[in-house]
Amino acid sequence: MGVPVEEDGDTLSGFKTTRVLRDCAREKTIFVHGTIADQAAVVLLEKTPITKDSLDELFSGSRMELDMRNDTCSTYLLQPPAHLNRIMTTVVCPATEEHMKKYQSGELFLVEETEADYNSITLACIEQQSFSIQWMYNVLEKKAEADRIVCEDPDPQLGFVLLPDVKWDQKQNDNLYLVAIAHQRGIKCLRDLTPEHVPLLKNILKKGEEAIFQRYGLPAWKLRVYLHYQPSYYHLHVHFTALEYDAPGCEMTRAHLIQNVIQNLQLYPQYYRSHTLFFTLKEGDGLLAKFKEAGRL
Ligand code: M7G
């Protein structure tokens, strides 16, 4: 279980920085490795977007500091009221070596994975090295985040829980991001899917879209709904993101649109078992090392 950040708690005041894993000025993010009470931790910091409904208060309630003026152009540094100046903060503690690798920047490699590669390289690697899926079981069993559930279908075969992704602060729909976690256990990833899972995928898509429309007012045609391959967590889950949001992980080397997945399974029952799949892995990734050892890169 991760360490919760209490509203007025001081979880981070005892954080000691070891090193910066990644920072990106454009995304306004910085990921830091350090320790909290001698436990390894990763802290992810991201400045939140400026919401439309905060504009009046932002203009009327901020202190303005003139930076420069030149003809028609002037720039200022605005100091908004504290509640409009938040940083979305995720704390992973205790963090493993795998977490450090996941969040640090590094060179990317395109991997070509045949059915044989999956069986001889990937499968063993994900069984040994993948991230704990305990947080998903906690959600399914209402041991965590129960108050955040947006919709649930409790059916053990077709059911799922839909809730906001940890990356989304829910303050605006522009970066809407939810995740649907299947109740059915034992479906690790895309490679396990067969036509028998089509009703499950269709159910997640239809009911997830309906729930998002009801709660957030975004219709199905404004959503990008997909599975990751490779995912970080090997228990079936589906990503729902706002179509116009350039969500991390929505690139074509990782995201598989659920509508295409359903169609592929209907046309070719063994599609995900037998097709060669392509994806990117980052330098330092354990799976990448195994592909290199096997001479596949
Ligand atoms: P993934 O493709 O397995 O991994 O997706 P990724 O993180 O490499 O994309 C898992 C999704 O679950 C991601 O979008 C995560 O941000 C999200 N997620 C991860 N954790 C640990 C949590 C959590 O504890 N709660 C919620 N609500 N979402 C999480």
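Both ligands and their constituent atoms are indexed starting at 1 by order of listing.
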Which of the ligand 1 atoms, numbered from 1, are nearer than 4.0 Å to a heavy atom of [X]:
| X | answer |
| --- | --- |
| Y177 | 14 (O) |
| P231 | 2 (O), 3 (O) |
| P164 | 27 (N) |
| E145 | 23 (C), 24 (O), 25 (N), 26 (C), 27 (N) |
| R148 | 27 (N) |
| R254 | 2 (O), 4 (O), 6 (P), 8 (O), 9 (O) |

Considering heavy atoms of the protein only, find what lies nearest to [atom] and give residue, atom and distance to 0.1 Å.
| atom | result |
| --- | --- |
| atom 6 (P) of ligand 1 | K102 NZ, 3.3 Å |
| atom 17 (C) of ligand 1 | D165 OD2, 3.1 Å |
| atom 28 (N) of ligand 1 | V166 N, 3.2 Å |
| atom 23 (C) of ligand 1 | W135 CE3, 3.2 Å |
| atom 2 (O) of ligand 1 | H228 ND1, 2.5 Å |
| atom 1 (P) of ligand 1 | H237 NE2, 3.3 Å |

> What heavy-atom pair brings A247 and R224 nearest, and what distance separates the two atoms?
Replying inline: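 Closest approach of A247 to R224, heavy atoms only: N-NH1, 4.5 Å.
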> Can you find a non-hydrogen atom of Q230 under 4.0 Å from ligand 1?
Replying inline: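 No, Q230 has no heavy atoms under 4.0 Å from ligand 1.
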>> Looking at ligand 1, would P248 count as a contact under a 4.0 Å heavy-atom criterion?
In response: no
> Would the number of heavy atoms belonging to other residues, nucleotides or ligands and lying under 6.0 Å from CD1 of I187 be above 12?
Replying inline: yes
> Got more than 12 heavy atoms from elsewhere within 6.0 Å of CE, M252?
Replying inline: no
> Hey, is A144 touching ligand 1 through its side chain, its backbone, both or neither, going by heavy atoms under 4.0 Å?
Replying inline: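 It is neither; nothing of A144 touches ligand 1.
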Using a 3.5 Å distance criterion without hydrogens, assess whether the side chain of [X] forms a donor-acceptor pair with backbone atoms of [Y].
| X | Y | value |
| --- | --- | --- |
| T90 | L44 | no |
| H235 | A182 | yes |
| K282 | Q104 | yes |

Side-chain heavy atoms of [X] within contact of [Y], under 4.5 Å:
| X | Y | result |
| --- | --- | --- |
| H183 | V161 | yes |
| D165 | L178 | no |
| W168 | M88 | no |

>> Can you check which of S132, S232, C250 brings a heavy atom nearest to atom 3 (O) of ligand 1?
In response: S232
> Mind checking whether L163 has an N or O less than 3.5 Å away from an N or O of ligand 1?
Replying inline: no
>> Is there a polar contact between ligand 1 and K167, counting only N or O atoms under 3.5 Å apart?
In response: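 Yes: some nitrogen or oxygen of K167 is under 3.5 Å from one in ligand 1.
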> Using a distance-only test with no angle check, is there a side-chain donor-acceptor pair under 3.5 angstrom linking N119 and E115?
Replying inline: no
> H228 vs Y226 aromatic rings, parallel, tilted or perpendicular, using cut-offs 30° and 60°?
Replying inline: tilted
